[in-house]
Amino acid sequence: MPCLNVSTNVNLDGVDTSAILADASSTVAAIIGKPEAYVMVVLKGSVPMAFGGTQEPAAYGELVSIGGLNPDVNKKLSAGIASILESKLSIPKSRFFLKFHDSKRSDFGWNGTTF
């Protein structure tokens with residue numbers, strides 16, 4: 001049930017967000033080792049955001065997963081998602097933060113109950 005939530009100050013009008021969502025979904029599933037059927041990706045654009053005192057293209061993301069996260073996996077996820085944002089939205093890797101949350105099953109709801 002990994003969920004990746006990314007906010008950026010980049011305007012997404014005219015951007016092929018389907019390709020970004022697909023790439024991010026498959027990347028998360030492959031790196032964490034969870035079925036892609038349970039991966040959710042949320043992408044929000046035009047979010048007022050400053051990074052390092054400027055409003056140049058930047059992004060902030062959070063990834064929640066029930067297990068599957070560890071220092072090595074997190075490093076690979078950070079690299080993979082940063083590469084997607086850089087290639088698809090021209091957001092430099094140095095202007096992207098990604099926070100990881102390893103959640104307990106009881107702290108995540110799905111299908112009217114919890115995992």
Side-chain angles (χ1 to χ4, degrees):
M1 61 53 46
C3 180
L4 173 66
N5 194 336
V6 176
S7 297
T8 179
N9 57 358
V10 173
N11 184 328
L12 301 178
D13 291 343
V15 172
D16 182 8
T17 55
S18 293
I20 298 168
L21 295 172
D23 286 355
S25 180
S26 64
T27 297
V28 168
I31 293 172
I32 294 180
K34 302 250 182 177
E36 191 172 3
Y38 289 103
V39 175
M40 177 182 280
V41 179
V42 179
L43 177 63
K44 298 176 202 156
S46 299
V47 175
M49 185 178 301
F51 186 108
T54 76
Q55 294 179 44
E56 295 298 312
Y60 173 75
E62 294 190 359
L63 193 144
V64 180
S65 183
I66 297 171
L69 300 178
N70 64 53
D72 290 333
V73 167
N74 295 357
K75 201 175 265 193
K76 291 175 186 171
L77 287 164
S78 183
I81 301 303
S83 290
I84 292 167
L85 296 178
E86 188 171 55
S87 67
K88 305 280 189 195
L89 296 176
S90 299
I91 298 170
K93 292 177 184 177
S94 62
R95 295 186 56 81
F96 171 57
F97 282 155
L98 181 57
K99 182 176 182 180
F100 300 96
H101 301 280
D102 197 348
S103 183
K104 295 184 294 185
R105 294 169 133 338
S106 60
D107 289 340
F108 215 93
W110 173 70
N111 199 24
T113 185
T114 59
F115 279 93

Spatial distance of atom [atom1] ([X]) from atom [atom2] ([Y]) [nearest 0.5 Å]:
X: L4; Y: L43; atom1: CG; atom2: CG; answer: 8.5 Å
X: S106; Y: I66; atom1: OG; atom2: CD1; answer: 8.5 Å
X: L12; Y: L89; atom1: CG; atom2: CG; answer: 6.0 Å
X: D23; Y: I81; atom1: CG; atom2: CD1; answer: 9.0 Å
X: I84; Y: K93; atom1: CD1; atom2: NZ; answer: 10.5 Å
X: E62; Y: S7; atom1: CD; atom2: OG; answer: 8.5 Å

| request: Could you tell me whether Y38 atom OH has more than 12 heavy atoms of other residues or ligands within 6.0 Å of it? | output: no

Quiz item: Crowded around F115 CZ? As in, over 12 foreign heavy atoms under 6.0 Å?
Solution: yes

Looking at every non-hydrogen atom in both residues, tell me the closest pair between [X] and [Y] and how far apart they are.
X: N9; Y: Q55; result: ND2-O, 3.2 Å
X: P57; Y: S90; result: CB-O, 4.0 Å
X: T27; Y: G80; result: CG2-CA, 4.2 Å

Hydrophobic cluster identity match, [X] and [Y], side-chain contacts under 4.5 Å:
X: L77; Y: I20; result: yes
X: V47; Y: L98; result: no
X: V15; Y: I91; result: yes
X: F108; Y: W110; result: yes
X: I31; Y: F100; result: yes

### Query
Please walk me through it: do K44 and N5 pass side-chain contact (heavy atoms from CB on, under 4.5 Å)?
CA-CA 8 Å; K44 298 176 202 156; N5 194 336; 3.8 Å; yes

Trace of the side-chain contact (heavy atoms from CB on, under 4.5 Å) decision for T54 with R95: CA-CA 10 Å; T54 76; R95 295 186 56 81; 3.2 Å; yes

Could you go step by step and tell me if L69 and I32 meet the side-chain contact (heavy atoms from CB on, under 4.5 Å) rule?
-> CA-CA 7 Å; L69 300 178; I32 294 180; 4.0 Å; yes

Discussion item. Between S78 and N74 (side chain of the first, backbone of the second, donor and acceptor by atom type, cut-off under 3.5 Å), is there such a pair?
Written reply: no

Within the distance-only criterion (no hydrogens, no angle test), does the side chain of S25 pair as donor or acceptor with the backbone N or O of L21 below 3.5 angstrom? no

Determine, step by step, whether Y60 and F51 satisfy the ring pair (Phe, Tyr, Trp, His ring centres under 6.0 Å) criterion, reporting the C-alpha distance in whole Å, the side-chain angles of both residues, the deciding distance to 0.1 Å, and the verdict.
-> CA-CA 10 Å; Y60 173 75; F51 186 108; 10.0 Å; no

Q) Do K88 and T17 touch side chain to side chain, with heavy atoms closer than 4.5 Å? A) no

